Amino acid sequence: MSQQYVAAIDQGTTSSRCILFDQDGRIVSVDQREHRQIFPKPGWVEHDALEIWTNVEAVVQESLQKSDITPDQIAAIGITNQRETTLLWDKETGEPVYNAIVWQDTRTDDIVRELGAQEGQDRFRPKCGLPLATYFSGPKVRWLLDNVEGVRERAERGELLFGTMDTWLIWKLTGRHVTDVTNASRTMLMNLATLDWDTEILEAMQIPASLLPEIRSSSEVYGESTGYLAGTPVAASLGDQHAALFGQTCFDPGDVKGTYGTGTFLVMNTGTEPVTSNNGLLTTLGYKIGDAPAVYALEGSIAVTGSLVQWLRDNLGLISTAPEIETLARTVDDNGGCYIVPAFSGLFAPHWDSDARGVIAGLTGYVNKGHIARAVLEASAWQTREVVDAMNADSQIDLTTLKVDGGMTADNLLMQILSDVLDAEVVRPMVAETTCLGAAYAAGLAVGYWPDIETLRANWHKAAEWNPKMASEAREREYHNWNKAVQRTRSWVE
Ligand code: G3P
């Protein structure tokens, strides 16, 4: 038989990619396409789901063709995706009723406030592990039902389907209406104990159950693909951060990964029981491999890290490419007293304050653009520190090693600052595309391409590591200043 590969489709916030992996977990081919970011009003962010589907079809085909691989050489397809982004479509025509509402979109703030008015922001947390926030899908579905003409009636007649992007792609590929536990855990609608939709939450949010996909494990055959990869099993679905946890082989309780992209997402494996956070983290699913028990996780989501670098480039014009931030930040020895808290869409973990807005604090005539660049990098590190403190407190396990991945980890200065502020080792694997790798691993396991998770563990190789060099007094002083700057962002919107 000719050489076989596994294809991972990563449907992300800014682009869609397809990466082909071989049995050693090495990248054989990649193709990627960006899609439009649609901003109809301040705080609103949408995607055209049909444009995304066209891009996904194109990247799948292109990734094979550029490496002379034929469809029969693909053993399985795994899907990973931007989470929470919400779509409703007509089950007969496949026509979306509205653009997909993206996870960063804050239009549901009134819905969220109203749902929490009596019982508070943590009203549903005991069941779904999440605080009420604009971030999650449930309130976005409610917005579509209440605000797009005819949608509630069509939903009540059973004509519409809801999906996050995994569900949309699996439905387009196979015709099956399914999601996996990790994606379902980000809707606010799934009960963490039963791994099924929670009737009480659905009632409170006025969401008809007929809209919802079937919840399956993260690694099993959902159906066979049609189209270019006709007949190939679609065999994994994981939200991107859960896929990265799996791709980083964080299989043991206490293992933590941090993915540095437009935002940053830290996820800690907490084993087969959910751990309730008392410190502003999310309780979520890590992964569920077929019939094996589900593995739970604690997550600290940070909305703005890499996108702050983009903002410096696009809105302030201080750099012309994102990697230049490192060069600019290296022109100075420290932040010159300047701190930037990028609360562009409120603050996520551990604060969950939708009304916070960003600040640049500590400005004096001494501060130059190098200091600002440095403060931009430090913002990613201090936001990570806040999340790690919460993880340590919730899990009673002190972080010693953080496995990192994502575009920003190419910035060596940032990685050193991160190790300094965490006072922990930071390690980066050889295959930095851990999100796609995790989806490929889950799909490959489902079809026997890889025999077990021990084989996957053996594929993880360290490419680089950073160790703390900062004096502890300096760390404490800087953290104190950072916290003062954070206080200045709070409750800005009245
Ligand atoms: O929760 C949102 C997250 O899944 C988005 O990730 O990498 O597409 O920005 P990314």
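Ligands are counted one by one from 1 in listed order, and the atoms in each one are counted from 1 as well. Computed from a prediction, not measured in an experiment: that's the story for all the values here.
- Of the heavy atoms in D240, only side-chain atoms (C-beta onward) come closer than 4.0 Å to ligand 1.
- One finds a salt bridge joining R113 and D355 here, because a Lys/Arg side-chain nitrogen approaches an Asp/Glu carboxylate oxygen to under 4.0 Å.
- When each atom of ligand 1 is checked for a heavy atom of Q241 under 4.0 Å away, the hits are 6 (O).
- Less than 6.0 angstrom separates the ring centroid of Y441 from the ring centroid of W450.
- On a distance-only criterion, E84 and ligand 1 share at least one N/O pair closer than 3.5 Å.
- For ligand 1, the atoms lying closer than 4.0 Å to a non-hydrogen atom of Y135 are 1 (O), 2 (C).
- Within the cation-pi definition used here (under 6.0 Å to the ring centroid, within 45° of the axis), K172 does not qualify as a partner of W89.
- With ligand atoms numbered from 1 in the order given, ligand 1 contributes 4 (O), 8 (O) to contacts under 4.0 Å with heavy atoms of Q82.
- There is no side-chain donor-acceptor pair under 3.5 Å between S354 and Y135.
- At least one N or O atom of R83, backbone or side chain, sits closer than 3.5 Å to an N or O atom of ligand 1.
- For ligand 1 and T262, the ligand atoms under 4.0 Å from any heavy atom of the residue are 9 (O).
- In summary, the side chains of T54 and E57 do not present any donor paired with an acceptor at a separation below 3.5 Å, with no hydrogens or angles considered.
- The contact set between ligand 1 and G12, taken as ligand atoms under 4.0 Å from a residue heavy atom, comprises 8 (O).
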Quiz prompt | side chain to side chain donor-acceptor pair (under 3.5 Å) between K257 and T259, worked out | solution = CA-CA 7 Å; K257 73 88 198 176; T259 301; 2.7 Å; yes
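- At a heavy-atom distance under 4.0 Å, no atom of R186 approaches ligand 1.
- Given atom 9 (O) of ligand 1, the protein heavy atom at minimum distance is T13 OG1, 2.8 Å.
- With 3.5 Å as the limit, one finds a donor-acceptor pair spanning the side chains of Y98 and E46.
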